[in-house]
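Below: the structure, in structure tokens.
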Amino acid sequence: PPRKESSGAGAPNGSSGRALAKPPVRKLAKDLGVDLSSVTPTGSGGIVTREDVQRASAPAAETAPPAETA
Amino acid sequence: MSESGGTFDLVILGAGSGGYAAALRAAELDMSVALIEKDKLGGTCLHYGCIPTKALLHSGEVADSTRDSENFGVKASFDGIDMAGVHKYKNKVINGLHKGLTGLIKSRNITVVEGEGKVTGTDEITVGNTAYKGRNILLASGSKPKTLGVDIDGEKTITSEEALKLEHVPSSVVILGGGIIGVEFASVYRSFGAEVTIVEALDHLVPSEDEDSSKLLERAFRKRGIKYELGTPFESVKTTESGVSVTLQGGKTIDAELLHVAVGRGPVSDGLGYEDVGVRMERGFVKVDENLHTGVGNIYALGDLIETWQLAHVGFAEGIFVAERIAGLNPPAIDYDGVPRITYCDPEVASVGLTAKVARERGYDIVEKNYNLGGNGKSQILQTQGAVKVVAEKDGPVLGVHMVGARVGELTTEGQLIYNWEALPAEVAQLIHPHPTQSEALGEAHLALAGKPLHDHD
Amino acid sequence: MSESGGTFDLVILGAGSGGYAAALRAAELDMSVALIEKDKLGGTCLHYGCIPTKALLHSGEVADSTRDSENFGVKASFDGIDMAGVHKYKNKVINGLHKGLTGLIKSRNITVVEGEGKVTGTDEITVGNTAYKGRNILLASGSKPKTLGVDIDGEKTITSEEALKLEHVPSSVVILGGGIIGVEFASVYRSFGAEVTIVEALDHLVPSEDEDSSKLLERAFRKRGIKYELGTPFESVKTTESGVSVTLQGGKTIDAELLHVAVGRGPVSDGLGYEDVGVRMERGFVKVDENLHTGVGNIYALGDLIETWQLAHVGFAEGIFVAERIAGLNPPAIDYDGVPRITYCDPEVASVGLTAKVARERGYDIVEKNYNLGGNGKSQILQTQGAVKVVAEKDGPVLGVHMVGARVGELTTEGQLIYNWEALPAEVAQLIHPHPTQSEALGEAHLALAGKPLHDHD
Ligand SMILES: Cc1cc2nc3c(=O)[nH]c(=O)nc-3n(C[C@H](O)[C@H](O)[C@H](O)COP(=O)(O)OP(=O)(O)OC[C@H]3O[C@@H](n4cnc5c(N)ncnc54)[C@H](O)[C@@H]3O)c2cc1C
Ligand SMILES: Cc1cc2nc3c(=O)[nH]c(=O)nc-3n(C[C@H](O)[C@H](O)[C@H](O)COP(=O)(O)OP(=O)(O)OC[C@H]3O[C@@H](n4cnc5c(N)ncnc54)[C@H](O)[C@@H]3O)c2cc1C
């Protein structure tokens, strides 16, 4: 079932040029070494989904370096 | 003929949580605002609701802690409750916050109008002889206690309003209603030393909570000596020489010094002109669409006046939403399932997201994990009992968090982020919680759901 | 000639937080595990650290709450501390958790070896006469108190170990060191009625925290009558008839019944054969790479034995990490900045992420928001003072959360999610926190940083 109709619960609209993704997805991207801004978003409202991040990391999975710290 | 009070971008009827939050946000967004209030800025929550009850509950916590101090190696004697002292403390907290709020509203150049308002046009609210025109109108007149037809004499039969002014601790109380407010007062009375019986028509205390939480609360209340009659509707009450005699359906009677009616709150909307301008109503509640718009002119409504959760922070969120909406921003709709609910009795009951039952009803294939606070170091230190339950979609995000135990209310904010950000159990499990905290119980539940239980006997 | 104890996938030296967490996770991942411990399962944290100190702190909270009960309308008299009762309570908590842990380790089929182990090969640890072979070896021997050369007689000069067994409340104590453990004990002694002076060589109490937090703690301690000498290193101590006389650099002396040395903890690594097999050491700490590998064979190390935060949950996280790494999973590296830090004195000090100072040093353009607990209803109800400070990158995510106030420790978990998930202030601000909770102060700080302050005078 659809989780909820409202697209980005918790995601404010109109933020600066950064890629839109729910916070845990940002963490996933970081752990997988994926640059969020290079991912094509497929979520409603232009949100990068978990699947988008996983797809982006797939080819490089074997060599993905551990995440660096901020 | 009425005088003109001027024209504003927004005229608000009622300065409770919802009304004043809308006023503050609207003012920030450069709107001119008139805020009409017949009683006190801050409304129910600050003066007759959230704040005074939580002060009483804290006095109750102090009383229990003093009574049980020996269990922690502290020698002390408990000598009773000084109600005058309780009120002094409670009023000090209220007055400090009220002063802060008043200053804040003033500093944002909001026009506060004292008096009773009435809607007199689709863009007009009149107070006494003065008409305030609003390019937008917000109805925020809140709620008042329901009484199930019981005659509230303020002495032997009371609601929360009179309960907040009691001058002595009653020896015994029957509480009609086992919802949030009912169990909170039950907890206070008991901590203060009274014999307490809760009468609830449904099968459980706090019936809107996950059934596991209700059961844990019932067990804890039983241990505290709080009695309850579940699934037995109230029939009648008569006052006696020494107090009240309450009759339940089926004929059982309970005698007590006081009957405290806590059967919910109904909207304040009678005679305020809402229907006259075409606003649709249902059982006194104002009907609104998902944008909190009434469908009439530019009239919005929010808070306890509409049929969303009767919670102060819902009022805040709705107030901010309405102000942003009027200002032409496009705020995301409020996900009401994602609003945290806390019942501040001892032990506390807290939740965010869906109960297991509702999740199933909505067609989710769910997994759940109950983590008992018996395994949590900090809970053991506090000597509290209870559990954390996390409901998740199978191979999907967390759908609900449900907790019972002393002080667990504060943990809902973590649940709030998890639920609203649609986190997976594994994403939470990756972040090891600080030791020793009660939040670790939440961490353990997510670890277990992620297939990597740590301090957990399965 | 030594006998064979068998061969295991993983042999662990030390069953503290780090060692036992690795054992539990490894067992879950179907590895055979030997866990060697000379003292008790659970290590420092459970028996001499986190748990007993937090029990003492809670007894202190009960004592203070009883003493101040009048402020809340509760009549009671405080008659003193019963140290035997305190120990009984403390030991009950420890024993319950110890029993649970022992059962858990047993249920996962981990081979527990009692005795003192020594590394005798790159894949071997020997206990007495028996050699345990490990396809992987984990060094987890933890830490012990440092003493700055002070002779610990256990009577007049003590460390945390003896402090946990005190049979009476000292009339006065000098605490050497204003770090986490030092201020926690200061808080306990004070709540129990002692005169307390903390001597700290650096300019602030809890000097690793954000300077604003240190200052708030100092102010709160001053109000509690806890004295401190900052920026004045200790020079010497001599015992006197009635206790100790402590001399600071510059010549000032302080007399007290007890000197409690809390100048940090150093690794337990001497004579355990680590260097003999080629493991690199520095000041007693084992050197590891970012995968917690020593660079020798399949030898890993973690916890207080390596130079990461000396915290139990860091041990848990590292233990899980090592087990998953050995099992061939690819766990993400631990971001140590994202580990919550809580100091459980009254008021509590808690943080996660970067201090403003460190954020600037790392080149971030930052914005910060201080929200005073004076504006927070629940904090007022608890009658606690303090603040919440949020540091964020300009137009970017939250970089750090810093808090001072009663019970704020539990709020770090929300901060933990915010920091580690790199949330923007606006994303947090969108979620209105439950009322009335202390977590609202965190909410307000994020609202302000998002440009939409609610209950905030700015
Ligand atoms: C005992 C109790 C405990 C509670 N505890 C909590 C809690 O812990 N947490 C929580 O989130 N919620 C709690 N609530 C609920 C919370 O108080 C309400 O949800 C909240 O106050 C609703 O806000 P509101 O702005 O819609 O209405 P209200 O706060 O009721 O404000 C409405 C305001 O409008 C004014 N008004 C009405 N009619 C007129 C008129 N004609 N002219 C001028 N002014 C008018 C009233 O005087 C009032 O000030 C509690 C409620 C009660 C009763
Ligand atoms: C007073 C105090 C309060 C603290 N409070 C907190 C707190 O509130 N929160 C928090 O997160 N942290 C706290 N800590 C820190 C926490 O206790 C440590 O970070 C944690 O215990 C480290 O775990 P470890 O596994 O590395 O080492 P330890 O817990 O020290 O475990 C090492 C184990 O190895 C055993 N061992 C050593 N050598 C051998 C050998 N040769 N053979 C066999 N066994 C051996 C020891 O007996 C011990 O059981 C506190 C510490 C102290 C002292």
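Order of the sequence lines sets the chain letters (A, B, ...), proteins ahead of strands, with each chain counted from 1.
Chosen from C:Leu311, C:Ile320, C:Val339, the residue pairing most often with chain B at heavy-atom distances under 4.5 Å is C:Ile320. For chain B, the option among C:His87, C:Met83, C:Glu414, C:Arg341 with the highest count of heavy-atom pairs below 4.5 Å is C:Glu414. With chain B as the partner, the residue from C:Asn376, C:Val86, C:Thr66, C:Thr413 showing the most heavy-atom pairs under 4.5 Å is C:Thr413. The most heavy-atom pairs under 4.5 Å with chain C, out of B:Gly375, B:Cys50, B:Ala21, come from B:Cys50. Contacts with chain B were tallied for C:Val74, C:Ile381, C:Leu57; C:Ile381 has the most, counting heavy-atom pairs under 4.5 Å. No other option in C:Gly377, C:Ser77, C:Gly85 has as many heavy-atom pairs under 4.5 Å with chain B as C:Ser77.
For chain B, no part of C:Lys90 is nearby; none of its heavy atoms comes within less than 4.5 Å. Proximity to chain B is absent for every atom of C:Lys88, based on heavy atoms less than 4.5 angstrom apart. Looking at C:Ile51, the atoms closer than 4.5 Å to chain B (heavy atoms on both sides) sit in the backbone and in the side chain alike. Of the two parts of C:Asn71, only the backbone, made up of N, CA, C and O, holds a non-hydrogen atom closer than 4.5 Å to a non-hydrogen atom of chain B. Using a 4.5 Å cut-off between heavy atoms, C:Ser439 touches chain B through backbone and side chain atoms alike. Proximity to chain C (any heavy atom under 4.5 Å) is restricted, for B:Thr412, to the side chain, taken from C-beta onward. If you measure heavy-atom distances from C:Phe321 to chain B, you find no contacts under 4.5 Å at all. Contacts of B:Leu454 with chain C are made by both backbone and side-chain atoms, with heavy-atom separations under 4.5 Å. For a residue to count as touching a neighbouring chain, one of its non-hydrogen atoms must lie under 4.5 Å from one of that chain's; by this rule B:Val352 does not touch chain C. Looking at C:Ile342, the atoms closer than 4.5 Å to chain B (heavy atoms on both sides) all sit in the side chain, from C-beta outward. Heavy atoms of C:Leu382 lying under 4.5 Å from chain B belong to its backbone as well as its side chain. Using a 4.5 Å cut-off between heavy atoms, C:Val93 touches chain B through its side chain atoms alone.
For B:Tyr89, the ring-ring contact (aromatic ring centres under 6.0 Å, His included) partners at least two apart in sequence or on another chain are C:Phe72.
Of the possible donor and acceptor atoms, none in the side chain of C:His446 sits under 3.5 Å from a partner among the backbone N and O of C:Leu431.
For the pair C:Thr53/C:Tyr344, no side-chain contact is recorded, criterion being any heavy-atom separation below 4.5 Å from C-beta on. Side-chain contact check for B:Gln438 versus B:Arg407: some heavy-atom pair is nearer than 4.5 Å. The shortest distance between side-chain heavy atoms of B:Asp456 and B:Tyr371 falls below 4.5 Å.
In this structure, the ring of C:His168 has its center no less than 6.0 angstrom from the ring center of C:Phe192.
Pairs passing the salt bridge (Lys or Arg N to Asp or Glu O under 4.0 Å) check and including a residue from residues 64-73 of chain B, sequence neighbours excluded, read B:Asp64-B:Arg67, B:Asp64-B:Arg224.
The pair C:Lys452-B:Glu324 meets the salt-bridge criterion, since a charged nitrogen lies less than 4.0 angstrom from a carboxylate oxygen.
Donor-acceptor pairing under 3.5 Å is lacking for the side chains of C:His455 and C:Glu440.
Few gaps surround CD on B:Glu28; more than 12 heavy atoms of other groups in view lie less than 6.0 Å from it.
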